[in-house]
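For ligands, and for the atoms within them, numbers begin at 1 and follow the listed sequence. Everything numeric here is computed off the predicted structure, so don't read it as measured data.
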Amino acid sequence: MDKKVMLITGGSRGIGAAIAELAAADGYVVCFSYKSNRTAADSVVRKIEQAGGQALALQADVAVETDILRMFHEVDQTFGPLTALVNNAGILEQQMRVDQMDAARMQRIFATNVIGSFLCAREAVRRMSTLHGGKGGAIVNLSSIAAKAGGPAEYVDYAASKGAIDTLTVGLAKEVATEGIRVNGVRPGVVYTDIHASGGEPGRVDRVKAHVPMQRGGEPVEIAQAVMWLLSDKASYTTGTLIDVTGGR
Ligand code: NAP
């Protein structure tokens with residue numbers, strides 16, 4: 001049987017790390033990128049290896065095209081054809097209103113969340129598409145329920161970047177639907193990870209959970225399970241779809 005090779009961007013912490021662990025347990029050879037936290041990346045690799053899986057951590061900033069090209073090249077060289085891509089790396093910045101934001105911040109958010117995901121999707125399609133001699137595959141993009149809610153007074157820029165991810169998901173899915181590639185997305189609600197500290201409010205999940213119908217925040221593994229289903233053959237007729245994993249929000 002062919003080896004299943006998955007690349008996850010931003011797999012060293014949070015939701016990406018949970019996806020890496022589930023994927024390895026499911027028999028994937030797992031490659032994941034991180035930006036700067038080598039210690040966290042090493043600990044995910046160790047955990048996967050201790051459980052009998054295979055993982056490779058690659059430093060690569062998805063906001064830098066040459067880093068993306070190097071990352072895909074290393075995956076090709078080390079493990080061969082990619083079968084799954086998870087565009088997970090995403091950032092937000094200090095909570096503020098749009099009338100306080102400068103252009104540099106908006107460019108950072110869009111470079112990482114949107115252009116990074118587009119370029120990784122492009123590289124994956126070049127490898128997976130039957131049009132390019134590939135064997136097909138699946139892509140899952142991490143959006144956010146903020147794409148619908150808008151992120152007012154916190155991060156409308158981040159929310160808008162996730163709106164772009166929703167459109168990438170739908171458009172690319174249709175573009176490659178006859179080329180053996182399925183493209184889907186997951187829109188998490190509030191999940192217990194470090195990302196909220198980047199917004200200046202590490203305890204944000206506990207503040208907003210009263211507004212979640214299930215009255216709690218999500219755990220990274222609960223998002224990872226939806227990602228794994230979308231990548232699996234059980235979702236063989238599912239493409240261009242976004243699953244909200246939000247506790248009902
Ligand atoms: P997180 O805990 O902040 O982890 C972010 C991960 O992405 C880390 O592994 C980080 O690497 C990596 N990363 C950040 N910038 C990167 C870059 N430029 N290039 C490569 N890797 C980069 O984030 P998370 O909460 O798990 O979020 C994962 C995804 O889910 C994001 O797309 C986020 O927008 C989305 N999401 C999260 C929530 C939530 O409540 N947590 C809700 C909705 C959507 P380092 O360790 O090196 O920094």
Side-chain angles (χ1 to χ4, degrees), residues 7-21 30-45 55 57-68 70-72 85-93 95 107-117 119-120 140-151 154-155 157-166 168-169 185-209 212 216-224 226-227 242-247 249:
L7 174 61
I8 304 157
T9 62
S12 53
R13 293 184 289 115
I15 293 168
I19 297 167
E21 286 170 33
V30 175
C31 305
F32 67 85
S33 68
Y34 64 98
K35 185 178 175 189
S36 54
N37 193 335
R38 172 84 195 267
T39 309
D42 286 346
S43 101
V44 173
V45 170
L58 300 167
Q59 191 286 324
D61 182 345
V62 296
V64 178
E65 185 176 13
T66 49
D67 278 19
I68 291 175
R70 174 176 48 78
M71 171 174 77
F72 275 85
L85 167 70
V86 182
N87 270 319
N88 167 77
I91 55 164
L92 50 78
E93 295 199 12
Q95 295 174 1
Q107 275 155 1
R108 285 192 298 274
I109 297 289
F110 276 75
T112 297
N113 296 5
V114 182
I115 299 175
S117 297
L119 293 177
C120 288
V140 170
N141 299 318
L142 266 293
S143 174
S144 168
I145 202 63
K148 288 183 178 174
E154 292 187 335
Y155 26 65
D157 53 350
Y158 167 82
S161 77
K162 295 302 186 178
I165 291 300
D166 289 1
L168 164 66
T169 303
V186 172
R187 279 191 290 239
V190 282
V191 182
Y192 287 102
T193 73
D194 300 338
I195 202 169
H196 307 287
S198 320
E201 191 185 2
R204 180 172 180 272
V205 178
D206 285 329
R207 174 175 62 84
V208 304
K209 71 182 180 191
V212 175
R216 67 172 179 87
E219 294 298 334
V221 70
E222 297 180 288
I223 310 304
V227 171
L242 288 125
I243 301 182
D244 293 350
V245 186
T246 60
R249 197 160 159 239

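- The protein heavy atom nearest to atom 19 (N) of ligand 1 is Val62 N, 2.9 Å.
- Counting protein heavy atoms only, atom 40 (O) of ligand 1 is closest to Val191 N, 2.8 Å.
- Contacts with ligand 1 closer than 4.0 Å are made by side-chain heavy atoms of Ile91 only, the backbone lying farther away.
- Counting heavy atoms closer than 4.0 Å to ligand 1, residue Ala40 contributes nothing at all.
- Distances below 4.0 Å separate heavy atoms of Gly14 from the following atoms of ligand 1: 2 (O), 26 (O).
- Nearest non-hydrogen protein atom to atom 12 (C) of ligand 1 is Gly10 CA, 3.5 Å.
- Geometrically, ligand 1 and Gly16 share no nitrogen or oxygen pair separated by less than 3.5 Å.
- Contact between Arg108 and Ile91 at its shortest, heavy atoms only, is O-CD1, 3.8 Å.
- Here CZ of Phe32 is found 11.5 Å from OG1 of Thr9. Values are rounded to the nearest 0.5 Å.
- You'll find the side chain of Leu85 reaches within 4.5 Å of the side chain of Phe72, heavy atoms only.
- Of the heavy atoms in Val190, only backbone atoms (N, CA, C, O) come closer than 4.0 Å to ligand 1.
- Interface atoms of ligand 1 facing Thr112, defined by a heavy-atom separation under 4.0 Å, are 18 (N).
- The closest side-chain heavy-atom distance from Val227 to Leu142 is below 4.5 Å.
- Only the side chain of Tyr158 comes within contact range of ligand 1, with a heavy atom under 4.0 Å; no backbone atom does.
- Taken to the nearest 0.5 Å, the CG atom of Asn113 stands 10.5 Å off from the CG atom of Asn87.
- Between Cys120 and Met71 the shortest side-chain heavy-atom distance falls below 4.5 Å.
- Considering only heavy atoms from C-beta on, Tyr155 stays 4.5 Å or farther from Lys162 through its side chain.
- Among all protein heavy atoms, the one lying closest to atom 38 (C) of ligand 1 is Gly189 O, 3.9 Å.
- Ranking the protein heavy atoms by distance from atom 16 (C) of ligand 1 puts Lys35 CB, 3.8 Å first.
- Under 4.0 angstrom from ligand 1, the non-hydrogen atoms of Lys162 all belong to its side chain.
- Per-residue contacts place Asn88 under 4.0 angstrom from the following atoms of ligand 1 (heavy atoms of the residue considered): 28 (C), 29 (C), 31 (C), 32 (O).
- Of the inter-residue distances, the one linking Arg204 atom CZ with Glu154 atom CD reads 4.0 Å to the nearest 0.5 angstrom.
- The closest protein non-hydrogen atom to atom 9 (O) of ligand 1 is Ser12 OG, 2.6 Å.
- Those atoms of ligand 1 that come under 4.0 Å of a heavy atom in Asp194, given as number and element, are 2 (O).
- Which parts of ligand 1 touch Ile15 is read off a 4.0 Å heavy-atom cut-off, strictly below it: atoms 26 (O), 30 (O), 37 (C).
- Counting heavy atoms of neighbouring residues, nucleotides and ligands inside a 6.0 Å radius, atom CZ of Arg38 does not exceed 12 of them.
- Remark: ligand 1 and Ser33 share no N or O pair separated by less than 3.5 Å (distance only, no angle test).
- The protein heavy atom nearest to atom 25 (O) of ligand 1 is Thr193 OG1, 2.5 Å.
- Taking the charged nitrogens against the carboxylate oxygens, Arg187 and Asp166 do have a contact shorter than 4.0 Å, which makes a salt bridge.
- The shortest N/O to N/O separation between Asp61 and ligand 1 falls below 3.5 Å.
- Side-chain N/O atoms of Asn141 and Ser117 include no donor and acceptor closer than 3.5 Å.
- When side chains are defined from C-beta on, Thr246 does not count as touching Val212, because their heavy atoms never get closer than 4.5 Å.
- With hydrogens left out, the protein atom closest to atom 48 (O) of ligand 1 is Arg13 NH2, 2.8 Å, a heavy atom.
- At a heavy-atom cutoff of 4.0 Å, ligand 1 is contacted by the backbone of Ser143 but not by its side chain.
- The one candidate from Ile19, Thr193, Ile15 that meets the side chain to side chain contact (heavy atoms under 4.5 Å, CB included) condition with Ile223 is Ile15.
- In summary, the atoms of ligand 1 found under 4.0 Å from a heavy atom of Ala60, numbered by their order in the structure, are 19 (N), 20 (C).
- Side-chain contact check for Ser143 versus Thr169: every heavy-atom pair is 4.5 Å or farther apart.
- Atoms of ligand 1 lying under 4.0 Å from at least one heavy atom of His196, given by number and element, are 39 (C), 40 (O), 41 (N).
- Residue Asn37 has at least one heavy-atom neighbour below 4.0 Å for each of these atoms of ligand 1: 45 (P), 46 (O), 47 (O).
- Side-chain contact check for Asp67 versus Gln59: some heavy-atom pair is nearer than 4.5 Å.
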